[in-house]
Amino acid sequence: MKKNTPRSPRPQLPPRTVSIVGTGSYVPPRVVTNAEFEARPELQTTDEWIRTRTGIRERRFAAEKENTSDLSAEAARRAMAQAGVKPEEIDLIIVATITPDMPFPSTACLVQHKIGAKRAACFDLEAACSGFLYALEVGQQFVAAHTYNTVLVIGAEKLSSVIDMQDRNTCVLFGDGAGAAILRNRGDGSHGILTTCMGANGEHADLLKMPGGGSKHPATHKSVDARLHFLKMAGKEVFKQAVTAMNSAGTEALARCQLTGADIALVIPHQANLRIIDALAKRIEVPADRIYVNLDRYGNTSAASVPIALDEAARSGRIKSGDLVLMVAFGAGFTWASCVIQW
Ligand code: ACO
């Protein structure tokens, strides 16, 4: 793909009401390289296989006592510091996760206590890897409707707690981390969310799931012996669905804003597999230098993937004020979501 393609003149855009006024992210310090998996003879895997089939070189695993709420709280503190928002100003906390600290209470309530956001209403949202973009859409509705002034949206996962270290098809793919964004109405109409799209198809729910721990298979000795409390994925089938859904979610968001790939300064895709990201780039005709990739360093962090990438891109200057950014995600459910935002 051609690099540094010039962008087309920016189209006339409608006024925006809801902006991201601060971002933050946190990944645990422990780096797990592909070599660590290669060193386990029972997995019969190699660094070369993992790199060429997925694009992943390493990922982070949280410490035993570091849970999703801890990762979330650190990402939230960094977003609050950047936005200049005090904990008591936060009206609502939404945590998107498939690895909550526990089934209840919600991880959002645990985060509220950890960051001291005493006034905030709290709930978790579950849409797997699309979770952050789902939460962004939900959060922005509250701000747009003037129900709340300040909403904290977090995508966070401790996937190392649900991956089966005996299953080479899945254990090499995932990592831990958290990303956060603070939503507000800046009142100038010139920065913020232009559109968000969400979709789902429950028909293929069986292809990617964690069967145990819910009401269908509560924890029993049998469920533990059958390894039901680990993530299961039919990788090849999921791959096909991911390519189709990422492509259509990306094109739908652009079409809704009457934009093309040429208008987009940076695409932030869900980081599951470099081949899925490449297919999206080709479909929406965006050159590789305008696609953000950190999959090589973090693997697939599910709901944390898009907000970690967004925070890194914003802090490193890859996104500048006024830039149009497209975010696209796909995950278990299946779910998919996309968002165009003017930074
Ligand atoms: N090391 C070595 N060989 C492996 C490994 C491994 N770690 N994993 C699988 N293989 C083998 C398989 O056993 C298979 O061998 P066989 O041909 O002898 O049966 C061979 O490699 C090819 O397996 P495929 O599944 O066809 O490999 P594929 O190229 O499809 O890559 C992958 C697998 C990486 C999982 C890919 O399918 C993928 O990325 N799927 C989508 C993931 C995704 O998008 N998930 C959605 C979000 S996740 C969420 O919501 C929580």
Side-chain angles (χ1 to χ4, degrees), residues 1 3-11 13-27 75-76 78-85 132-133 135-137 139-140 151-155 177-186 188-197 246 249-250 253-254 256-257 259-271 277 280-281 284-298 301 303-329 337-343:
M1 208 171 289
K3 290 217 162 190
N4 297 318
T5 316
R7 269 179 269 148
S8 60
R10 187 163 287 155
L13 298 169
R16 283 123 273 166
T17 49
V18 184
S19 294
I20 293 179
V21 296
T23 59
S25 62
Y26 173 76
V27 289
R78 293 175 185 191
M80 288 189 296
Q82 195 192 62
V85 165
F132 176 76
L133 293 182
L136 194 65
E137 161 78 354
Q140 77 136 344
V151 174
L152 169 61
V153 175
I154 299 170
I182 294 176
L183 307 182
R184 270 185 172 170
N185 182 348
R186 278 171 41 151
D188 58 12
S190 60
H191 297 264
I193 295 170
L194 281 157
T195 195
T196 46
C197 312
M246 291 277 286
L254 291 175
R256 281 197 198 179
C257 306
L259 297 168
T260 69
D263 300 306
I264 298 298
L266 193 68
V267 179
I268 300 186
H270 170 51
Q271 312 279 317
I277 295 174
L280 172 70
I284 60 174
E285 298 180 349
V286 174
D289 63 322
R290 289 197 208 139
I291 308 277
Y292 195 83
V293 175
N294 61 12
L295 172 76
D296 50 330
R297 289 178 285 134
Y298 305 136
T301 58
S305 139
V306 168
I308 292 174
L310 178 67
D311 181 51
E312 285 190 349
R315 283 176 192 260
S316 65
R318 287 283 298 275
I319 313 174
K320 295 181 182 56
S321 181
D323 277 350
L324 290 167
V325 177
L326 170 68
M327 298 182 271
V328 189
S338 53
C339 171
V340 178
I341 186 164
Q342 187 159 31
W343 204 248

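Values below: every heavy atom of this structure, side chains too, minus hydrogens, waters and symmetry copies. Along the sequence shown, the residues carry numbers beginning at 1.
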Distance-minimising heavy-atom pair for Pro307 and Ala180 | CB-N, 4.1 Å
Side chain to side chain contact (heavy atoms under 4.5 Å, CB included) involving Pro269 - partner list, sequence neighbours excluded | Met246, Val267, Gln271, Ile277, Leu280, Ile291
Those residues that, when tested against Ala135, pass side chain to side chain contact (heavy atoms under 4.5 Å, CB included) (two or more places apart) | Ile94, Ala96, Leu125, Val153
Between Glu312 and the options Arg78, Arg318, Arg297, the salt bridge (charged side-chain N to carboxylate O under 4.0 Å, His left out) test singles out Arg297
Can you sort out the partners of Asn185 under side-chain hydrogen bond (donor to acceptor under 3.5 Å, both in side chains), two or more places apart, ordered by chain and number?
-> none
Mind checking what makes side-chain hydrogen bond (donor to acceptor under 3.5 Å, both in side chains) contact with Ser305, not counting sequence neighbours?
-> His270
Is any side-chain heavy atom of Val151 closer than 4.5 Å to a side-chain heavy atom of Ile182?
-> no
Side chains of Ile264 and Ile284: does their closest heavy-atom pair fall under 4.5 Å?
-> no
Distance-only, no hydrogens or angles: does the Gln82 side chain make a donor-acceptor pair with backbone N or O of Gly22 under 3.5 Å?
-> no
With Thr301 via side-chain hydrogen bond (donor to acceptor under 3.5 Å, both in side chains) - residues at least two apart | none
State whether the side chain of Asp311 and the backbone N or O of Ser25 hold a donor-acceptor pair below 3.5 Å, judged by distance alone.
-> yes
Quick one: pull up CD1 in Ile308 and OG1 in Thr23 and give me the separation to the nearest 0.5 Å.
-> 11.5 Å
Least distance between heavy atoms, Thr195 atom then Ala253 atom = CG2-O, 3.6 Å
What are the two closest non-hydrogen atoms of Ala313 and Ser316, and how far apart are they?
-> O-OG, 3.3 Å
Roughly how far apart are Leu266 CG and Ile319 CD1, rounded to 0.5 Å?
-> 5.5 Å
Taking all atoms of both residues into account, what is the closest heavy-atom pair of Gly139 and Leu183, and its distance?
-> C-CD1, 3.7 Å
Carefully, step by step, assess Ile341 and Met327 under the rule side chain to side chain contact (heavy atoms under 4.5 Å, CB included).
-> CA-CA 8 Å; Ile341 186 164; Met327 298 182 271; 4.0 Å; yes
Using the test side-chain hydrogen bond (donor to acceptor under 3.5 Å, both in side chains), find all partners of Arg186 that sit at least two apart in sequence or belong to another chain.
-> Asp188, His191
Side-chain contact, heavy-atom cut-off 4.5 Å: Trp343 with Ile20?
-> yes
Is a donor on one side and an acceptor on the other found under 3.5 Å between the side chain of Gln342 and the backbone of Leu324?
-> no
Please report the closest heavy-atom contact between Gly24 and Ala79, naming both atoms and the distance.
-> N-CB, 3.5 Å
Drop me the distance from Ile268's CD1 to Ser338's OG, to the nearest 0.5 angstrom.
-> 13.5 Å
Has the side chain of Ser19 got a donor or acceptor atom that lies under 3.5 Å from a matching backbone atom of Val21?
-> no
Which heavy-atom pair separates Asn294 from Ala309 by the least distance, and what is that distance?
-> ND2-CA, 3.6 Å
Find the distance between CG (Asp263) and CG (Leu326) and round it off to the nearest 0.5 Å.
-> 11.0 Å
When rounded to the nearest 0.5 Å, the distance separating CD of Gln140 from OG1 of Thr17 is 6.5 Å
